[in-house]
There are 2 protein chains.
Amino acid sequence: MIKNIQQRYHHGDLRTSLIKATVEMINKQGVEAITMRSLSNWVGVSRTAAYRHFSNKVDLLTATATEGFKQFSLALRVARLDYSEDELGRFRLMGQAYVQFAIEHSAYYGLMFSDASIQKTDAFDEASSAAFTELVDILVTLQEANKIKTEDPKMQANFVWSLMHGFSSLLINGKLQHIDDLSKEMTYLDQKIMASLVE
Amino acid sequence: MIKNIQQRYHHGDLRTSLIKATVEMINKQGVEAITMRSLSNWVGVSRTAAYRHFSNKVDLLTATATEGFKQFSLALRVARLDYSEDELGRFRLMGQAYVQFAIEHSAYYGLMFSDASIQKTDAFDEASSAAFTELVDILVTLQEANKIKTEDPKMQANFVWSLMHGFSSLLINGKLQHIDDLSKEMTYLDQKIMASLVE
DNA sequence: TAAAAAAGTAGACATCGTCAACATCGAGGA
DNA sequence: TCCTCGATGTTGACGATGTCTACTTTTTTA
């Protein structure tokens, strides 16, 4: 007779489940509320089971942030491959996708850019710079097609990235005042970026 | 005979000392390393003495962040009152002062914008929005003097603030790649902001 | 100057991260 | 088929931490 899933000794895919549980718990209660015990309990496993998959709590959180960056890069890439738009339109879609990801996955986003709860690893750096590369790439392409100014693309990327990250994180933390119409605010930013990059 | 300061039963100005110690410890070891016990020990006081001045750890960190915002506002205001420059020049000085504060007081800055370690209070919100007001104010003044475009100053402020905050926090966390010349990078941003705001 | 308020201390306890030792399971070679 | 071994999960234990309670010492005030 096959045992009930909840009662099996071996969980099956504990590593993935723990990361999912971490994201859910951050969304509901914030990072500070995360404990190895409550996490294990939530997943239905004993206190120290997580240590078979992560060397410690920081390692688990870092892995979660790394996973976040992967999904983030994916979201940006999806926007970049929307061929119903021209290249410049796709670039603007990426901007929308950026903010949308930050809002919809604020737990991930906060963790990804929190220096406190995380300790950088090679995997983390790789996932994190992949997202940045996504941005530099399209800027280079746009320059080659003469759609935007010819400037150091890394500087352009730092500019756009700073603006997007600043806006998203201030928005998430409720530090931007008097925003009744988000899309209006984003349109404003879009105009500023376009004016800054287009000749 | 007057007792040695270190041996006095009453510390004298424990509240202030604790906040200072918090800043120092964050600078040296990061927020995670902060414990009530090590903090008290550092200041030369017993474990629970801090609880006479702060209701708990979060309260202490929030008070520290609030103090950070006060000094931050002050730094912005000092730049704004540099009358060797005209109004537009002072606005640009504020931008430099912003990034400079973030770099020189990265412990403060990280804490001020960390939603994890802090819990908003009235005093915190007040100090935090004072800094924002500093920015809106000068934008209004610049508009009235016809130095920049006439637009919703709050939107302009959100734009500038997002850019400054994004750049500063990415810079602090080492997420901006290939920055060998910081002043060159800041000049680039300055040009973008000017082009965006000036008619 | 006496009494109360303010500031600091020590004991105690629940919770947390995590190490060590032990238990159970699944896969593959004898 | 059985046996063994590596992977995975469990329980016990311990030191560190936040913070409550009760007590002590100093300062303020009436």
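In what follows, chains are A, B, ... by sequence order, proteins preceding strands, each numbered from 1.
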- Query: Tell me: CG of B/N41 to P of D/dA16, nearest whole Å?
  - Reply: 13 Å
- Tell me, which pairs form a salt bridge (Lys or Arg N to Asp or Glu O under 4.0 Å) where one or both residues lie in residues 139-160 of chain A, sequence neighbours left out? A/E151-B/K192
- Item | Aromatic plane relationship, B/H165 with A/H165 - under 30° parallel, 30 to 60° tilted, over 60° perpendicular | parallel
- B/M36 CE - D/dC20 P separation (whole Å): 10 Å
- Query: Does A/A49 or A/R37 map to a spot on DNA chain D nearer the 5' end, using the closest nucleotide for each?
  - Reply: A/A49
- Parallel, tilted or perpendicular for B/H105 and B/F101, by the 30°/60° rule? parallel
List the atom pairs, with distances to 0.1 Å, where a side-chain N or O of residues 116-128 of chain B and a protein N or O form a donor-acceptor pair under 3.5 Å, not counting sequence neighbours.
residue, atom, partner, partner atom, Å
B/S117, OG, B/S114, OG, 3.1
B/K120, NZ, A/N173, O, 3.0
B/T121, OG1, B/F124, N, 3.1

- Terminal axes of the helix from C/dT1-D/dA30 to C/dA30-D/dT1 (5 end pairs apiece), angle rounded to 10 degrees, sit apart by 10°
- Query: Is there a donor and acceptor pair, one atom on the side chain of B/R47 and one on the base of D/dG18, closer than 3.5 Å?
  - Reply: no
- Under 4.0 Å between a side-chain N/O of A/H53 and OP1 or OP2 of D/dA7, yes or no? no
- Calculate the interatomic distance between A/W42 atom CH2 and C/dC16 atom P; express it in whole Å. 16 Å
- Minimum-distance nucleotide (side-chain atoms of B/K57 versus D/dT19, C/dT9, C/dT18): D/dT19
- About how many Å separate OG1 of A/T64 and CD1 of A/I19, when rounded to the nearest 0.5 Å? 5.0 Å
- Message: What's A/S46 touching, base or sugar-phosphate or nothing? Going by heavy atoms closer than 4.0 Å.
- Response: base
- Between the side chain of A/T48 and the main-chain N/O of A/Y51, is any donor-acceptor distance below 3.5 Å? no
- Task: Rounded to the nearest angstrom, tell me the gap between atom CZ in B/R52 and atom P in D/dT25.
- Result: 15 Å
- Message: Given C/dG11, D/dT10, C/dG8, identify the nucleotide with an atom nearest to the side chain of A/T48.
- Response: D/dT10
- To the nearest Å, give me how far apart CG (A/L39) and P (D/dG9) are. 14 Å
- Query: What integer distance in Å separates A/L14:CG from C/dC25:P?
  - Reply: 16 Å
- Query: NA contact type, A/I34, heavy-atom cut-off 4.0 Å: base, sugar-phosphate, or nothing?
  - Reply: sugar-phosphate
- Of the nucleotides D/dT10, C/dT9, C/dT18, which one has an atom closest to the side chain of A/Y51? C/dT18
- Task: Mind telling me whether A/F159 and B/Y188 have parallel, tilted or perpendicular rings, with 30° and 60° as the class edges?
- Result: perpendicular
